[in-house]
Trainee: 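Starting off with a structure, shown below.
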Amino acid sequence: KAFQARLRTVREINSRALETVRVIVVTKFHPVSEMQQAIAAGVTEIGENRVQEAASKKSELAGSHLRWHGIGQLQTNKAKTAIEVFDELHGIDRIELVDKLGRASAELQKTVACYLQVNVTGKVGQGGCSLSDIPRLLDSMNGYPFLKPVGLMCIASLEEEVGVVGIRNEFAAARSLRDQMITEQRLPEYAGLSMGMSGDWEYAIAEGATLIRIGTAIMGNRS
């Protein structure tokens with residue numbers, strides 16, 4: 001409830017309508033019993049980092065009306081299982097992975113919404129591809145009709161490293177690239193931005209996030 005109240009306030013401050021920001025509740029390492037409490041409180045969008053953990057939990061929660069998001073780094077050998085489990089994927093960052101997911105989605109005849117991960121920090125080893133590689137990555141998806149590119153995803157630097165201005169600049173870079181890709185018709189007009197976590201989601205909303213990925217701020221510390 002405290003998070004919901006703060007979210008309403010932040011939306012109002014930034015003139016964002018209620019429906020323009022979706023909250024993905026990250027449940028990595030939280031047991032199904034805790035997830036059931038969140039679902040009873042109205043949670044409908046679940047984010048998981050690990051494919052096998054998500055598959056197990058989805059099986060236990062069969063019958064619940066949930067939308068499942070894969071938000072972690074994805075190995076190519078997990079591509080088919082990821083397509084089976086998730087409705088939306090947020091960490092697509094290389095052509096090899098696009099090819100594996102594309103073939104798996106065609107085999108399973110399942111459409112999956114895809115957010116391409118861009119490295120906005122410039123750090124070597126950070127997940128995501130460079131801003132300049134996003135057009136090529138999007139173009140690689142054209143041959144796979146069951147992969148539906150619907151936006152970009154990013155993870156910002158820590159506040160103690162770059163400060164608030166630095167974080168907002170990183171989120172703004174993702175937004176600017178998203179807008180460019182819409183202009184170039186590589187992304188649809190409704191394309192979104194998956195950015196912002198428990199420590200920086202307020203800045204993400206201020207810079208245009210349409211999905212925020214919240215774990216600790218809603219679920220508390222992991223058991």
Side-chain angles (χ1 to χ4, degrees), residues 1-28 30 34-35 37-49 66-69 71 87-88 90-91 113-123 126-128 131 134 149-183 187-222:
K1 288 183 178 180
F3 179 85
Q4 290 174 328
R6 182 60 187 159
L7 180 58
R8 282 195 297 271
T9 300
V10 172
R11 281 168 170 155
E12 291 168 1
I13 290 171
N14 292 284
S15 301
R16 299 289 301 278
L18 182 66
E19 68 276 6
T20 61
V21 183
R22 294 160 60 195
V23 180
I24 300 167
V25 179
V26 180
T27 54
K28 176 184 177 182
H30 285 280
E34 292 180 7
M35 294 174 67
Q37 293 177 32
I39 293 165
V43 168
T44 59
E45 310 226 30
I46 298 294
E48 283 283 340
N49 293 64
L66 301 172
R67 191 157 182 84
W68 291 81
H69 298 257
I71 61 172
D87 303 297
E88 304 191 24
H90 294 244
C114 300
Y115 292 84
L116 277 62
Q117 184 174 358
V118 58
N119 181 347
V120 292
T121 70
K123 297 173 187 170
Q126 177 90 36
L131 279 73
I134 285 290
V150 295
L152 302 181
M153 175 265 205
C154 71
I155 299 173
S157 299
L158 297 175
E159 186 173 340
E160 53 263 35
E161 295 175 348
V162 299
V164 173
V165 172
I167 290 176
R168 291 192 59 158
N169 284 342
E170 290 173 356
F171 287 145
R175 184 190 68 237
S176 179
L177 180 60
R178 186 275 312 268
D179 294 347
Q180 178 187 338
M181 292 302 96
I182 292 174
T183 299
L187 282 174
E189 288 188 8
Y190 59 81
L193 289 168
S194 170
M195 57 189 197
M197 300 186 291
S198 288
D200 58 16
W201 64 270
E202 296 185 28
Y203 311 137
I205 289 178
E207 295 298 338
T210 60
L211 302 94
I212 54 176
R213 309 179 303 272
I214 308 298
T216 305
I218 291 178
M219 295 295 295
N221 293 323
R222 298 182 179 101

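Keep in mind that this is a model prediction, so the values were computed, not measured. Throughout, numbering of the chain's residues begins at 1 and tracks the sequence.
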Trainee: Can you spot which of Arg213, Arg22, Arg67 makes a side-chain hydrogen bond (donor to acceptor under 3.5 Å, both in side chains) with Glu45?
Mentor: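 Single pass found, and it is Arg22.
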
Trainee: Heavy-atom distance under 4.5 Å between the side chains of Thr216 and Asn221, does that happen here?
Mentor: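 Yes, their side chains come closer than 4.5 Å.
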
Trainee: Using the test salt bridge (charged side-chain N to carboxylate O under 4.0 Å, His left out), find all partners of Glu161 that sit at least two apart in sequence or belong to another chain.
Mentor: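 Counting only residues at least two positions away or on another chain, Glu161 forms a salt bridge (charged side-chain N to carboxylate O under 4.0 Å, His left out) with Lys123.
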
Trainee: Nearest 0.5 angstrom please: Ile71 CD1 to Met153 CE, how far?
Mentor: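 Ile71 CD1 to Met153 CE: 7.0 Å, rounded to 0.5 Å.
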
Trainee: What is the minimum heavy-atom distance between Ser198 and Gly215, and which atoms define it?
Mentor: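 The pair with the smallest heavy-atom distance is OG-N, 3.4 Å.
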
Trainee: One pair to check against side-chain contact (heavy atoms from CB on, under 4.5 Å): Val23 and Ile218. What are the steps and the verdict?
Mentor: CA-CA 10 Å; Val23 180; Ile218 291 178; 3.8 Å; yes

Trainee: How far does CG of Asn119 sit from CD1 of Ile155, to the nearest 0.5 angstrom?
Mentor: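 One gets 9.5 Å once the value is rounded to the nearest 0.5 Å.
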
Trainee: What is the minimum heavy-atom distance between Cys154 and Val118, and which atoms define it?
Mentor: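 Scanning both residues completely, I find the closest heavy atoms to be CB-O, 3.5 Å.
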
Trainee: Quick one, Arg178 and Arg175 - any side-chain contact, counting heavy atoms below 4.5 Å?
Mentor: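 When only atoms from C-beta onward are counted, Arg175 and Arg178 do touch, with a gap below 4.5 Å.
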
Trainee: Where is the tightest heavy-atom contact between Pro188 and Pro149, given as atom of each residue plus distance?
Mentor: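 Closest pair (atom of Pro188, atom of Pro149, distance): CD-O, 3.4 Å.
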
Trainee: Can you list everything that forms a ring-ring contact (aromatic ring centres under 6.0 Å, His included) with Trp201? Sequence neighbours excluded, please.
Mentor: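 Trp201: ring-ring contact (aromatic ring centres under 6.0 Å, His included) contacts with Phe3.
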
Trainee: If you compare all heavy atoms of Gly91 against all heavy atoms of Gln117, which two are closest, and at what distance to 0.1 Å?
Mentor: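 Scanning both residues completely, I find the closest heavy atoms to be CA-OE1, 3.6 Å.
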
Trainee: Looking at Thr20, is its backbone amide N or carbonyl O close enough to the side chain of Thr210 to form a donor-acceptor pair, meaning the two atoms are under 3.5 Å apart?
Mentor: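 The answer is no, because no donor-acceptor pair under 3.5 Å joins these two groups.
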
Trainee: Is there a donor-acceptor contact under 3.5 Å from the side chain of Ser194 to the main chain of Leu211?
Mentor: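 No, Ser194 side chain to Leu211 backbone: no donor-acceptor pair under 3.5 Å.
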
Trainee: Roughly how far, to the nearest 0.5 Å, is the CD1 atom of Ile212 from the OH atom of Tyr203?
Mentor: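 Answer rounded to 0.5 Å: 13.5 Å.
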
Trainee: What is the minimum heavy-atom distance between Gly151 and Ala191, and which atoms define it?
Mentor: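 Looking at all heavy atoms of both residues, the shortest contact is CA-CB, 4.2 Å.
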
Trainee: For Ala206, check side-chain contact (heavy atoms from CB on, under 4.5 Å) against everything at least two apart and list the hits.
Mentor: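 Listed in chain order: Asn14, Arg168.
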
Trainee: Nearest 0.5 angstrom please: Met195 CE to Ile205 CD1, how far?
Mentor: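 Interatomic distance, Met195 CE to Ile205 CD1, rounded to 0.5 Å: 9.5 Å.
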
Trainee: Find the distance between CD (Glu189) and OG1 (Thr183) and round it off to the nearest 0.5 Å.
Mentor: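 Going from the CD atom of Glu189 to the OG1 atom of Thr183 covers 9.5 Å.
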
Trainee: Suppose we screen for ring-ring contact (aromatic ring centres under 6.0 Å, His included). Which residues come up paired with His90, at least two apart in sequence or across chains?
Mentor: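 Testing His90 for ring-ring contact (aromatic ring centres under 6.0 Å, His included), a comparison that skips the adjacent residues, returns His69, Tyr115.
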
Trainee: Which pairs with one or both residues in residues 196-206 pass salt bridge (Lys or Arg N to Asp or Glu O under 4.0 Å), sequence neighbours excluded?
Mentor: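 Residue pairs with at least one partner in residues 196-206: Arg6-Glu202.
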
Trainee: Could you pull out all residues at least two apart from Glu170 that satisfy salt bridge (charged side-chain N to carboxylate O under 4.0 Å, His left out)?
Mentor: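 With sequence neighbours excluded, Glu170 shows a salt bridge (charged side-chain N to carboxylate O under 4.0 Å, His left out) to no residue whatsoever.
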
Trainee: Tell me the closest heavy-atom pair linking Val120 and Ala174, and the distance in Å.
Mentor: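 Shortest heavy-atom contact: CG1-CB, 4.1 Å.
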
Trainee: Are Asp87 and Leu66 packed together at the side-chain level, in the sense that at least one heavy-atom pair is separated by less than 4.5 angstrom?
Mentor: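 No, every pair of side-chain atoms sits at 4.5 Å or beyond.
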
Trainee: Rounded to the nearest 0.5 Å, how far does OG of Ser176 lie from CG of Asn169?
Mentor: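 Answer for the CG-OG pair, Asn169 versus Ser176, is 11.5 Å.
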
